[in-house]
Amino acid sequence: MAMKALDIYKLLPKTNCKKCGFPTCLAFAMKLASGKVDVDLCPDLDEQTRELLGGATRPPIRLVAIGAGERSFTVGEEFVLYRHERTFYHQPGLMMQVADTWPEERIEGVVARVRDETFHRVGEDLSVDGIAFRWESGDADRFGGVVGTVEACASVPEVIIADDPEAQAAALAHCGNFQPLIHAACADTAEAMCDLARKYGCALAVRAGDLEELKRLVGLCRDRGVENLMLDPAPATLRDFLARSVEIRRRAVERTDPDLGYPVVFDTVPLGLPDAATALGILKYAGVIIIDELGPASTMAALTLRQNIYTDPQKPIQVTPGLYPVNAPTGSAPVLMTVNFSLTYFTLLGYLEAAGIPCYLFIVDTEGMSVLTAVAGGKLTETLVADAIKTTELENRVDHRVLIIPGYAAPLSGKIEEETGWEVRVGPGDAAEIGEYLETGWEA
Amino acid sequence: MSEEHNPEPGNRILEVRLGATKAEGGTRERVYTVGGAGTFPFLGAGPAAGHPPRIALEICDDTRTWSPIVLREVGDLAEDTGAWAAAAETTFGADMVRLSFTSTRQRGFDDFASLGTTVEEVIGATKYPLIVEGSTEPAIDSEVYRRIGEAAEGERVLLGTAEADRYRSVAASALAYGHAVVAQTPIDINLAKQLNILLHETALPPERIVIDPYTGTLGYGFEYSYSVMERIRSVALQGDADLARPMISSAIDSLNVKEVREADPETADEVAIRWEFYAAFSALIAGAEIVCVRHPGTVALLREALRALLEGSHPQEEAYGDESA
Amino acid sequence: MPTVTFLPGFHKADVPRGATILDAAQRAGLHVNVVCGGQGRCGKCVVYLKSGKITFDREKFGHFFTAEELDRGACLACQSLVRNDLRVEVPASSLVQEQKILVESRAAEIPFRPSVRKYSLELTPPSLTDTTPDITRLLEGIEAQGGPAANKIYAPLEVLRSVPQLLRQGGWRVTGTVALVPGGYRLIKVEEGNTEGRLYGAAVDLGTTTIVVYLWDLATASVIATASNYNRQIGYGEDILSRVNFARKNGLSKLQRLAAESINQALTAAANNAGIDREDIHEVVVAGNTVMTHLLLCIDPGYMIAEPYVPVVRRMLSTAAGRIGLAVHRNAGVYTFPAVSNFIGGDIIADILACGMTEREEISLLIDIGTNFEVVIGNRDWMLSCAGAAGPALEGGEVLFGMRANPGAMEKVRIDGGTLKPTYETINRVRPKGICGSGLIDLLAELIRACVIDRNGHINMGIRHPRVRQGRYFPEFVIAWADETDGERDIVITENDIKNLIMSKAAILGACMTLMDAAGITREDLAGIYFSGAFGNYLNKENAIAVGLIPEVPLDAVKNIGNGAITGANLALISRDRRRNLDRIAQQITYIELNAEPSFMDQYTSSCFLPHTDLSLFPGVQRVLDECRIRYGGAE
């Protein structure tokens with residue numbers, strides 16, 4: 001079980017020697033408790049304490065790397081069941097499948113999409129991560145051939161889906177050096193699959209519908225020297241996946257079952273319902289999700305969901321502070337001040353664009369805090385606003401001196417007026433009302 | 001910071017009954033109970049699984065601000081609120097209709113009599129429980145909720161929306177005419193709890209409150225809504241009685257965001273449906289018992305997904321059919 | 001020079017014409033209240049002129065008094081200039097007494113072991129057979145008297161130079177003064193004859209506005225005088241930030257001089273009153289916030305106020321009084337309290353020492369409230385601290401009729417739940433002008449008990465009562481009708497005022513909860529909550545809990561330590577063990593930056609409710625409010 005800061009503190013030397021880089025032992029204990037540092041930073045612990053604290057504070061789920069090169073990614077090293085408890089760290093790889101029985105053009109089409117398709121949102125490029133090759137032909141050579149052809153032009157992370165070690169070997173002969181995920185070993189094939197995984201240094205997925213069987217397979221593979229493992233709980237329905245994936249994550253993060261401390265792989269294709277299955281994998285702990293050919297609308301929605309879920313709830317996405325013209329404003333257009341919390345910015349921008357009113361969005365740097373937080377935390381102050389007016393040369397951009405501030409910043413209105421000399425008006429607290437406010441209430 | 005993960009045995013989300021049959025003084029052919037679960041969504045079986053979630057299709061009485069994509073899809077129905085509501089149940093397969101009185105949002109609205117008429121019309125056209133959304137303007141709240149509540153008296157509708165600084169009118173109407181209330185707060189578990197306490201202090205019984213933790217939409221702060229719902233369900237199962245209420249989620253901005261608004265007309269329906277679906281489906285996984293969408297096409301997609309999630313956990317007739325039969 | 005005689009104690013002081021009565025009182029050793037720093041704003045230093053002539057603007061300051069009081073000769077000591085010999089009566093309410101009692105009671109709990117000691121010696125004169133050097137003879141004499149080992153005592157050159165004459169003039173009967181200094185002992189003074197009885201020390205609270213000095217007889221272990229003064233730096237900015245800005249514009253040495261002079265005036269007054277020579281003060285301990293400490297030592301504080309907010313020094317520092325211009329013996333050691341961060345300064349370390357929280361196994365919470373607040377939690381093994389901005393609402397800012405704790409401020413308020421009629425007490429019992437912090441907390445608690453506001457602070461406009469009405473911008477509640485007041489308007493509290501108050505109190509409770517959460521403790525683990533600072537003096541504890549300003553604990557566990565800085569400075573002066581511990585305490589405190597602490601926002605939001613979103617944390621309050629709702633909830 002995870003330990004609380006004070007419990008950890010009791011085991012530390014309490015010398016406040018600062019050798020760990022933190023000002024006090026308690027500060028170090030608090031970082032340890034939140035899993036943000038490693039216990040080895042303290043040089044003065046005996047072996048037993050080190051092991052105890054390490055076991056209680058290190059990531060309960062192993063970090064596994066998939067692929068080589070620019071687009072390779074890692075999954076695992078998660079700590080929690082729910083994002084609000086901390087955050088999710090490593091977003092799942094979405095691997096779009098191709099089958100070796102498909103016509104060449106269809107395969108090429110998928111490969112081209114995975115390689116080239118990106119969506120740009122909130123300052124990030126979103127794309128599918130790689131390709132999953134499914135062995136359907138029953139012909140190992142044909143499988144190897146398809147993998148080889150694609151490998152020559154794609155250079156993206158890969159999953160090799162084949163129960164048969166020979167088919168795996170045929171595929172790995174072409175791409176083994178690029179660390180694809182081998183999917184998947186079961187009781188009969190574990191030995192041969194382990195040999196392949198060791199030979200190429202690849203991660204290996206083990207597959208079983210029963211958690212005890214999964215643990216047994218994990219033990220088997222570890223005994224054969226393969227540590228980079230993933231778990232496929234072999235779901236037959238969405239409900240199966242949800243139940244098994246949650247149970248695996250729960251036992252792992254509660255540290256009651258270290259053999260389940262590996263990331264999960266979710267093969268959604270056999271289940272049908274591609275949108276629901278992909279969303280479920282993203283929401284409920286999959287590390288690798290094998291998806292069918294999702295259409296562009298589904299892909300964009302899935303990638304957006306993944307971006308949302310893997311946003312650190314404690315580190316809001318920020319936009320660059322500055323002056324943003326909206327709907328081609330002139331010098332007499334209203335100036336709306338707000339914070340650089342990206343959600344605030346994009347929500348407000350959406351409503352302003354929809355309302356079609358020319359104006360300036362004047363974004364001040366609150367380090368990504370929302371208006372309410374920034375006001376309460378003392379981050380949003382009159383000096384900050386005054387400085388931002390100077391940096392953006394706001395006075396030269398508009399021919400009036402009226403600043404509209406968010407409703408939640410109302411307590412600062414007087415101080416901002418005093419400090420800046422601008423007339424301050426308090427706008428609505430809800431971005432949805434901004435259009436109406438500007439239509440009816442604004443005149444410089 | 002770290003919260004316990006495992007529900008305390010015996011803790012349950014409160015059950016909220018929606019709709020009333022003839023025998024109960026209403027006219028609904030179906031009534032629903034939402035809530036009741038003792039586990040995280042779709043993990044329980046038997047009584048601990050609670051009641052199945054419901055899918056609501058949103059319609060409105062003044063289409064000027066409604067998404068053109070939906071209006072194109074529903075065509076003439078948009079001009080006839082009653083027919084639109086009837087189609088929601090029969091043609092589009094929704095579990096319930098959520099009627100928004102968008103007409104009240106125009107400046108100087110004073111046609112209060114029309115609200116009662118429309119409510120009666122929709123009641124006449126539908127057979128399932130209803131959700132009715134009143135005004136967003138505090139100055140007319142009292143009159144709006146009185147008219148709506150009165151017109152729907154006996155039907156046990158879910159009345160929206162109570163907020164922290166304007167809950168008295170909705171609560172008064174619900175108390176006077178026997179309805180339930182949507183309690184909406186802006187994406188924060190504390191604020192959600194606070195509003196429940198405030199409503200409790202107006203004497204509105206807790207089994208007549210549905211929590212709306214507010215959902216913008218996918219890509220626009222959805223992560224906050226998702227986590228707030230998860231967290232509310234989590235502390236409710238830990239024993240926080242103020243939050244042990246069913247939740248409703250409507251990703252109200254779905255069809256207004258850039259991605260959907262600016263989609264190529266050829267693919268606009270596809271994009272709109274996916275955007276609504278991913279948000280609503282995720283809300284179900286996070287613990288919402290009622291999810292609301294506007295595009296009829298989203299209902300079918302959600303229905304299929306819900307079926308796969310509920311497989312084996314509920315008696316067939318409860319999950320998909322008439323619970324009161 | 002006119003003589004001012006203070007009644008009832010017949011304390012006397014001679015001051016030049018044109019000095020203020022406050023100056024005279026300080027010289028006479030009277031510890032008069034100067035909350036505003038002697039600027040005629042707080043009305044706390046009321047005295048009554050019995051005979052003699054003064055200059056005092058009765059028009060300008062008349063609002064502090066009733067007509068009857070003016071007839072009796074009431075005036076403000078800080079604004080009355082002495083023209084000739086005076087007899088002045090000082091009412092007990094204008095004197096600060098409680099603090100002395102508190103200091104003495106805390107001091108009595110700990111062993112009296114000051115760091116400076118005198119040794120009276122009768123040395124054997126040297127001879128041809130005993131040619132031990134003078135200084136060795138002296139130091140060995142001290143060792144023989146039970147003092148530190150001779151080879152551990154450092155004798156500075158200037159003391160050394162005075163030794164041969166003093167020994168011989170004194171006939172080998174001398175007194176050596178030895179101070180415990182970092183790294184050993186130091187011989188700071190040698191005198192002829194036996195002067196053991198003349199050993200004094202001073203404890204100083206160097207506040208941003210006010211300076212307080214306690215003078216101790218270190219031979220008899222007793223407080224012999226106290227004095228206070230305003231910090232004369234105030235002319236260069238009222239708040240800390242403006243002082244730092246002035247220091248950055250080449251004003252550092254000026255601010256240093258003003259700090260030293262302000263202390264010197266108080267020290268002089270105290271010494272005069274006690275009838276001792278300042279030269280016999282051999283040690284000074286100063287507790288001040290981080291900026292004040294920097295300024296006294298003439299260290300540039302400029303880098304503290306801009307990113308990355310670094311102070312120059314945090315440890316306890318010692319220097320010789322002569323080097324920073326303090327008017328005591330020039331070799332006397334001056335010790336400044338260490339700090340934890342820019343925000344948790346020496347004043348807070350002194351609070352910690354004053355309340356004794358580090359001496360116990362049980363966990364305590366310490367809260368110092370002003371415009372900014374500081375919170376410390378812990379026990380003898382660990383401590384966590386944080387600081388934040390509470391906003392000015394608790395000091396009367398951002399509230400329509402809010403005011404500081406000046407005459408005419410409602411400081412206590414009750415509301416009858418049935419009739420909604422308020423009753424109130426004002427400071428100096430004059431007609432009400434506004435409401436101060438303690439009154440606002442009372443008001444908040446009473447409004448919710450009377451079911452006028454809900455837990456969100458929204459006024460229930462469904463109540464039909466003339467006191468509940470829609471104001472120009474916000475709904476409001478009338479506390480006093482215009483004809484009861486000092487002015488022409490009804491005194492009201494608006495929904496907006498209430499919102500600001502809730503936000504202020506939530507910042508403090510949220511900070512407390514964040515620290516408790518970080519330590520993993522609950523309110524049941526808290527053995528005590530200590531308030532430090534002026535705010536706590538007038539606060540109704542029950543109401544502070546009712547509105548959720550602090551966590552719910554039994555009422556007798558809430559204690560007010562008043563000016564913890566001066567109490568802590570006193571303890572560090574009289575106990576070498578306590579002083580030695582200060583650096584350790586400061587280093588042990590883990591500072592949590594609230595802005596960087598993700599859980600703070602959560603705690604803050606849940607505290608933005610009356611008393612708190614999680615009612616199970618306030619079971620007692622909850623019971624009372626439930627009863628109130630049953631009795632008054634139907635007021636609509």
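Naming: A, B, ... by sequence-line order, numbering from 1 per chain. Values in this document were obtained by computation on a predicted structure and should not be read as measured data. These values consider heavy atoms only, across backbone and side chains, with no hydrogens, waters or symmetry-generated copies.
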Looking at every non-hydrogen atom in both residues, tell me the closest pair between Ala301(A) and Leu218(B) and how far apart they are.
O-CD2, 3.6 Å
I need the minimum non-hydrogen distance between Ile285(B) and Lys284(A), along with the two atoms involved.
CG2-CE, 3.6 Å
Which distance, rounded to the nearest 0.5 Å, do you find between the OG1 of Thr311(A) and the CD of Glu223(B)?
4.5 Å
Approximate separation, where rounding is to 0.5 Å, of Phe281(B) CZ and Thr278(A) OG1:
9.5 Å
Which answer fits Thr267(B), side chain, backbone, both or neither, if we ask what part of it has an atom under 4.5 Å from a heavy atom of chain A?
neither
Do any N or O atoms from the side chain of Arg231(B) and from the backbone of His84(A) form a donor-acceptor pair under 3.5 angstrom?
no
Just wondering, do Leu238(A) and Phe42(B) contact through their side chains at under 4.5 Å, heavy atoms?
no
Closest heavy-atom pair and its distance - Leu43(B), Arg239(A)
C-NH2, 4.3 Å
Quick one: are Glu436(A) and Arg105(B) in side-chain contact, heavy atoms under 4.5 Å?
no
Check whether Ser298(A) gets within reach of chain B through its side chain, its backbone, both or neither, counting any heavy atom under 4.5 Å.
both
The interface call for Arg83(A) against chain B, heavy-atom contacts under 4.5 Å, is both
Check each atom of Asn256(B) against the heavy atoms of chain A and say whether the ones under 4.5 Å are side chain, backbone, both or neither.
neither
Sort Leu283(A) into side chain, backbone, both or neither according to what part of it lies under 4.5 angstrom from a heavy atom of chain B.
both
Taking the side chain as every heavy atom from C-beta outward, state whether Phe222(B) and Thr304(A) have any pair of such atoms under 4.5 Å apart.
no
Given a strict heavy-atom distance threshold of 4.5 Å, which part of Ala302(A) is in contact with chain B: side chain, backbone, both, or neither?
both
Relative to chain B, which of Leu280(A), Ile309(A), Asp275(A) shows the most heavy atom pairs under 4.5 Å?
Asp275(A)
Minimum heavy-atom separation for Val271(B) and Met300(A), please, with both atom names.
CG1-CE, 4.4 Å
With a 4.5 angstrom heavy-atom cut-off, could you sort out which part of Glu353(A) is near chain B: side chain, backbone, both or neither?
side chain
So which of Gly219(B), Ala305(B), Pro186(B) has the biggest tally of heavy-atom pairs under 4.5 Å with chain A?
Gly219(B)
Measure Phe119(A) against the heavy atoms of chain B and call it side chain, backbone, both or neither at under 4.5 Å.
neither
Using heavy-atom distances under 4.5 Å, tell me whether Tyr220(B) contacts chain A through its side chain, its backbone, both, or neither.
both
If you draw the axis of the six-membered ring of Tyr278(B), does the NZ or CZ of Arg306(A) fall within 45° of it and under 6.0 Å from the ring centre?
no
Decide if atom CZ of Phe92(B) counts as having more than 12 heavy atoms of other residues, nucleotides or ligands within a radius under 6.0 Å.
yes
Top contributor to chain A contacts, counting heavy-atom pairs under 4.5 Å, from Ser227(B), Ala286(B), Ala263(B)
Ser227(B)
Among the options Asp240(A), Val246(A), Leu242(A), pick out the one with the most heavy-atom pairs lying under 4.5 Å from chain B.
Leu242(A)
